[in-house]
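Worksheet: one structure, shown below.
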There are 2 protein chains.
Amino acid sequence: MISKACKYGIRATVFVASKIELGIKLNVKEIAKEVDAPEAFTAKILQILNKHRIITSLKGPYGGFFIDQFQLEQPVINIVNAIDGMAVFRECGLGLEQCSEKHPCPMHNQYKIAREALLDAFQKTTIGQLASQLSDGTSFINNMELSSAAATD
Amino acid sequence: MISKACKYGIRATVFVASKIELGIKLNVKEIAKEVDAPEAFTAKILQILNKHRIITSLKGPYGGFFIDQFQLEQPVINIVNAIDGMAVFRECGLGLEQCSEKHPCPMHNQYKIAREALLDAFQKTTIGQLASQLSDGTSFINNMELSSAAATD
DNA sequence: ACCAAAAAGGATAATTTTATCTTAAATAGA
DNA sequence: TCTATTTAAGATAAAATTATCCTTTTTGGT
């Protein structure tokens, strides 16, 4: 669906965003831990996010990652775009280059609905919205640790 | 979204299915060519499809791959399940193990809609339906070769 | 000016997915 | 029974993705 890197990226961004009230900067180690992603890999992803101005970073002591108010308004699709690109939302369900609205592959119409629902989900959800859904005290990882079930139901 | 292997698998199956009227068997080479997939890799995928009784194979001279009438009734999800498994349709949009209906991650509800739309597309489309959308003379690859555009629109 | 802390950047490694190659098994026909 | 053809199976390779490590740059505090 979307890459692991991208999921880490969304989680990291949302976590950083959730701390905006505190006015603190978070370092890679803290973020990686809370977000349950490998540290060095998380660092790479945070780099990308910073370059795309999804989040902001500051080097040096007392440095780290944080997010600005205006960045909370950004839709989650911006993160997906920064890490995975937009190809998934254009690609044919059968992987055919030739498939288009005018020359649709046999699955085109069915698949299109799903693809657009996914795009929609990422487009109309903002980083701020996700962040605000995190109950403040605990991390969004710890939020859920009571359950061992997957997202099936 | 779904793997390349799985897309090859769907294409191959649909192509084989589209020949049911002719009562012929197709060999790997023909299938791979028409479906625009690497030959040896296609062979592996056809093997899997045969094991899962999506299609049927026969060894030896005059052997090859074909599909039976009853197999046309199968939903495309069976192919996805055979090759990729069903995990995509259960997984959390943020990749969180802990995410569930009771303890949803911040993206849960939005993502669920898209995930279910995708599942739906694969579940309610049968192999026969896709095959019948292929205009008979040409392959479904060649069908579309007039266009160079992707499936964006 | 120097030191320590933190991100940035580059190189490398591990894993997974995609792809190929080679040999074995099955089977139809001569 | 032998041969040719075709899939099955196993081993290996290539490419892409995920992950780690090491060095450089930036910067705040002393």
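Throughout, protein chains are lettered first and strands after them, A, B, ... in sequence-line order, and every chain is numbered starting at 1. These numbers come from a predicted model, not from an experiment.
Distance NZ (A:Lys59) to P (D:dT24): 13 Å, rounded to an integer number of Å. Rounded to an integer number of Å, the gap from A:Gln47 CD to D:dT20 C1' is 14 Å. Computed from coordinates, the B:Asn50 CG to D:dA8 P distance equals 5 Å when rounded to whole Å. Nucleotide D:dT7 holds its C1' atom 11 Å from the CD1 atom of B:Ile55, rounded to whole Å. Rounded to an integer number of Å, the gap from CD1 of A:Ile48 to C1' of D:dT18 is 12 Å. When rounded to the nearest whole Å, the span between NZ of A:Lys29 and P of C:dA6 equals 9 Å. Rounded to a whole Å, the NZ atom of A:Lys25 is 10 Å from the C1' atom of D:dG28. We find that CD1 of B:Ile45 is positioned 15 Å from C1' of D:dT7, with the value rounded to whole Å.
B:Phe66 and B:Leu72 fall into different hydrophobic clusters, where Ile, Leu, Val, Met, Phe, Trp and Tyr are joined by side-chain heavy atoms under 4.5 Å apart, directly or via other members. Put simply, A:Phe70 and A:Ile55 are part of two different groups of oily side chains (I, L, V, M, F, W, Y) that touch within less than 4.5 Å, one to the next.
Within the 3.5 Å criterion, the main-chain N or O of A:Pro75 finds no donor-acceptor partner in the side chain of A:Gln123. With hydrogens and angles disregarded, no donor-acceptor distance shorter than 3.5 Å links the side chain of B:Arg115 to the backbone of B:Val88.
Each of A:Lys44 and A:Gly63 lies near DNA chain C, and the nucleotide nearest A:Gly63 is the one positioned closer to the 5' end. Judged by closest nucleotide on DNA chain D, B:Gly64 is the one of A:Thr42 and B:Gly64 placed further toward the 5' end.
Among the nucleotides D:dT26, D:dG28, D:dA19, the one closest to any side-chain atom of A:Pro61 is D:dG28. Closest to the A:Tyr62 side chain, of the nucleotides D:dG29, D:dT20, C:dT18, is D:dG29. Comparing D:dT7, C:dA5, D:dT20 against the side chain of B:Val28 picks out D:dT7 as the nearest. Among the nucleotides D:dT7, C:dA7, C:dA19, the one closest to any side-chain atom of A:Ser57 is C:dA7.
One finds a salt bridge joining B:Glu101 and B:Lys112 here, because a Lys/Arg side-chain nitrogen approaches an Asp/Glu carboxylate oxygen to under 4.0 Å.
Heavy atoms of B:Lys51 sit under 4.0 angstrom from primed sugar atoms or phosphate atoms, though from no base atom. Counting non-hydrogen atoms under 4.0 angstrom, A:Leu58 reaches the backbone sugars and phosphates but no base. Across all strands, B:Leu26 comes closer than 4.0 Å only to sugar-phosphate atoms, never to a base (heavy-atom distances).
The side chain of A:Tyr8 contributes an N or O atom lying less than 4.0 Å from OP1 or OP2 of D:dA19.
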